[in-house]
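A short worksheet on the structure shown next.
Keep in mind that the numbers below use all heavy atoms, side chains included, and drop hydrogens, waters and symmetry copies. Chain A is the first sequence line, chain B the second, and so forth, proteins listed ahead of strands; every chain is numbered from 1.
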Number of protein chains: 2
Amino acid sequence: MSTARPPAGRAKAAPDKRRLILDAAVRVFARQGFHTCRVSDIADEAGVAYGLVYHYFGSKDEVLDTLFLERWNVMLELIREVDAEPLPVRDKLRAIASFIVDSYHHDPDLMKVIIVEVTRAANSFGDTHIGTIREAYDLIGGMIAKAQAEGVFKPEIEARFAAMAFYGAIEQLLTGWIFGLLPQGEEHFERAKWLVVETVCGGLETRPAGHAGAVSGPV
Amino acid sequence: MSTARPPAGRAKAAPDKRRLILDAAVRVFARQGFHTCRVSDIADEAGVAYGLVYHYFGSKDEVLDTLFLERWNVMLELIREVDAEPLPVRDKLRAIASFIVDSYHHDPDLMKVIIVEVTRAANSFGDTHIGTIREAYDLIGGMIAKAQAEGVFKPEIEARFAAMAFYGAIEQLLTGWIFGLLPQGEEHFERAKWLVVETVCGGLETRPAGHAGAVSGPV
DNA sequence: AGATGTTGACTGACCAGTCAATCTACTCGG
DNA sequence: CCGAGTAGATTGACTGGTCAGTCAACATCT
């Protein structure tokens with residue numbers, strides 16, 4: 001049941017096999033998929049004995065759970081921080097899109113695993129973490145609702161729906177990269193962030209005019 | 001290898017066990033997920049002997065492949081038809097959104113299976129059908145590119161990206177329904193179609209003004 | 001009688017999870 | 001400073017159960 005068993009006072013040289021296993025699992029899950037890979041694949045990839053995986057994790061599932069929660073909580077944290085600041089919606093959404101795209105840029109395998117095996121897995125893992133996943137959607141929905149209350153966004157579109165569409169658009173861009181359907185690279189990543197925010201905000205904003213200074217593209 | 005083995009000249013009373021198995025598979029896949037269910041679950045659900053599944057299909061995989069292709073090809077067909085007609089982009093996209101949402105409305109389980117097990121499964125099935133899946137994205141991308149060429153849509157957003165965002169927004173709405181995160185029902189389905197088109201087109205159109213007659217909502 | 005449909009017991013492979021043994025690294029009394 | 005004691009880390013052979021796919025027999029139709 002325990003999700004992590006940090007060696008606490010460890011700080012010096014130790015190779016931290018737990019981390020090693022987690023990182024290896026990301027690569028293996030990304031390459032073969034959670035259901036198709038064997039626990040021994042993870043152990044091999046980590047250069048570690050089979051049994052050690054079970055020393056640190058209660059089950060194969062727990063390895064994936066850990067990976068997901070580790071990352072998703074970072075995102076939740078960021079969303080909350082952004083939400084707390086007194087920024088225009090557009091900037092808030094922009095920050096979220098940036099975070100997700102940057103996460104992919106930084107570790108494509110991890111994001112692939114999270115999206116494919118958890119976020120979109122309507123059975124097993126998706127169900128298990130639905131509450132945690134939902135938090136993100138709700139937070140975004142809240143931002144949009146607030147913008148509507150302030151008159152920045154049109155009120156006739158349910159905030160929850162808009163939040164899902166926004167998040168879905170981002171995730172699909174990642175999917176496009178994962179499947180090799182969209183061109184990757186720094187430049188395209190920046191462009192994608194801009195596109196998503198521009199599109200969604202453009203469609204939601206009250207005053208369709210006034211793209212002042214934002215029309216020319218990202219960075 | 002063969003995907004289907006249609007009984008050809010069949011037309012009369014036969015219970016058409018093949019169809020029975022396919023329909024049962026949809027229910028079982030939707031309920032338990034492809035990887036977690038056993039072939040015997042499908043046979044049981046269909047009220048048919050285990051071996052009969054292998055009489056009609058070469059493998060468990062082939063059952064899913066068949067379900068996916070059957071439906072995806074219908075969608076491809078629709079997109080091509082819509083594309084061929086001389087309609088404004090907005091109407092074309094609207095038709096696509098409608099089709100997908102209606103498909104979910106008509107058979108939620110089937111759409112759930114297709115999305116969760118194929119469309120978004122970056123390994124195995126996703127890879128197998130990537131070409132077919134891509135066709136849909138390309139077709140939509142083409143529509144958007146054309147609209148850009150005509151000056152209806154802004155040219156600075158890559159059409160391919162916009163297509164992915166559009167499709168992703170729709171799929172995420174279905175995901176919201178599948179996970180029980182969004183309210184369902186005729187009314188909400190109609191609203192969702194409108195939202196997606198309104199949002200995406202609103203963000204892509206050249207003249208952000210002129211929502212004439214479309215602002216008040218669907219139907 | 002031949003073809004096609006239908007049955008379900010069986011097999012062979014595979015793999016998650018267990019466990020007893022071995023190996024560290026560090027503690028502490030002498 | 002030493003060496004027995006110990007707790008955690010690490011190993012990999014093994015087990016128990018599961019399940020995709022096979023097949024030989026039986027049924028039904030033409």
Side-chain angles (χ1 to χ4, degrees), chain A residues 1-25 28-29 31-67 117 121 123-125 128, chain B residues 1-25 28-29 31-67 117 121 123-125 128:
Chain A
M1 287 296 170
S2 74
T3 292
R5 207 172 317 167
R10 185 68 39 68
K12 286 298 174 317
D16 195 357
K17 299 288 175 72
R18 197 186 121 96
R19 186 77 254 161
L20 215 58
I21 292 169
L22 245 12
D23 291 344
V28 174
F29 290 162
R31 194 190 314 134
Q32 312 179 226
F34 178 82
H35 292 285
T36 337
C37 84
R38 290 160 290 173
V39 171
S40 65
D41 292 332
I42 301 174
D44 290 351
E45 176 83 23
V48 133
Y50 185 90
L52 198 61
V53 175
Y54 285 91
H55 179 69
Y56 287 109
F57 304 94
S59 67
K60 188 185 175 190
D61 283 23
E62 199 180 297
V63 176
L64 179 55
D65 286 341
T66 304
L67 287 172
E117 308 290 353
N123 302 290
S124 55
F125 292 104
T128 307
Chain B
M1 290 291 169
S2 72
T3 292
R5 208 173 314 164
R10 185 66 38 69
K12 286 298 174 319
D16 196 357
K17 299 287 174 74
R18 197 185 120 95
R19 188 76 254 162
L20 216 57
I21 292 170
L22 245 13
D23 292 344
V28 173
F29 290 162
R31 194 191 314 134
Q32 311 179 226
F34 178 82
H35 293 284
T36 337
C37 84
R38 290 160 289 174
V39 172
S40 65
D41 292 332
I42 301 174
D44 290 351
E45 176 82 24
V48 135
Y50 186 90
L52 197 61
V53 174
Y54 286 90
H55 178 70
Y56 287 108
F57 304 93
S59 66
K60 188 186 175 189
D61 284 22
E62 198 180 300
V63 176
L64 180 54
D65 286 341
T66 304
L67 287 172
E117 308 290 353
N123 301 290
S124 55
F125 292 103
T128 308

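- Considering only residues two or more places apart in sequence or on other chains, B:Thr36 meets the side-chain contact (heavy atoms from CB on, under 4.5 Å) condition with none of them.
- Every side-chain contact (heavy atoms from CB on, under 4.5 Å) that B:Ala25 has, sequence neighbours left out, goes to B:Phe29, B:Ile42, B:Val63, B:Leu67.
- Cation-pi geometry between A:Lys17 and A:Tyr56 is not met: the NZ or CZ atom fails to fall both under 6.0 Å from the ring centre and inside 45° of the normal.
- Applying the side-chain contact (heavy atoms from CB on, under 4.5 Å) rule to B:Ala46 yields the partners B:Ile21, B:Ala24, B:Val48; only residues at least two apart in sequence or on another chain are considered.
- Taking atom CG on B:Asp44 and atom C1' on C:dG8, their separation rounds to 11 Å, with Å as the unit.
- Between the C1' atom of C:dT6 and the CD1 atom of B:Ile21 lies a distance of 10 Å, rounded to the nearest Å.
- Contact check, B:Lys17 against C:dT6: a side-chain N or O comes under 4.0 Å of OP1 or OP2.
- Computed from coordinates, the A:Asp16 CG to D:dT10 C1' distance equals 14 Å when rounded to whole Å.
- Within the 4.5 Å cutoff, the side chain of A:Asp41 has heavy atoms near those of the A:Gln32 side chain.
- Between C:dT7, D:dA9, C:dG5, one nucleotide has an atom nearer to the side chain of B:His55 than all others, and that is C:dG5.
- A:Arg18 has its CZ atom 16 Å from the P atom of D:dG8, to the nearest Å.
- Between the CG atom of A:Leu20 and the C1' atom of D:dT10 there is a distance of 13 Å, given to the nearest Å.
- Atom CG of A:Leu52 and atom P of D:dT11 are 6 Å apart (whole Å).
- Partners of B:Arg19 according to the salt bridge (charged side-chain N to carboxylate O under 4.0 Å, His left out) rule, which considers only residues two or more places apart in sequence or in another chain, are B:Asp23, B:Glu70.
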For nucleotides 26-30 of chain D, which of its nitrogen or oxygen atoms have a protein nitrogen or oxygen under 3.5 Å away, and what is each distance?
none

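- Under the side-chain contact (heavy atoms from CB on, under 4.5 Å) criterion, B:Thr128 pairs with no residue, sequence neighbours left out.
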At under 4.0 Å between heavy atoms, which parts of nucleotides 11-18 of chain C does protein reach? Answer with one letter per nucleotide, 5' to 3': B base, S sugar-phosphate only, - none. ----SBBB

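- The salt bridge (Lys or Arg N to Asp or Glu O under 4.0 Å) pairs that include a residue from residues 45-58 of chain B are B:Arg27-B:Glu45, B:Arg31-B:Glu45, where partners are two or more places apart or lie in different chains.
- Within the 4.5 Å cutoff, the side chain of A:Arg18 has heavy atoms near those of the A:Phe57 side chain.
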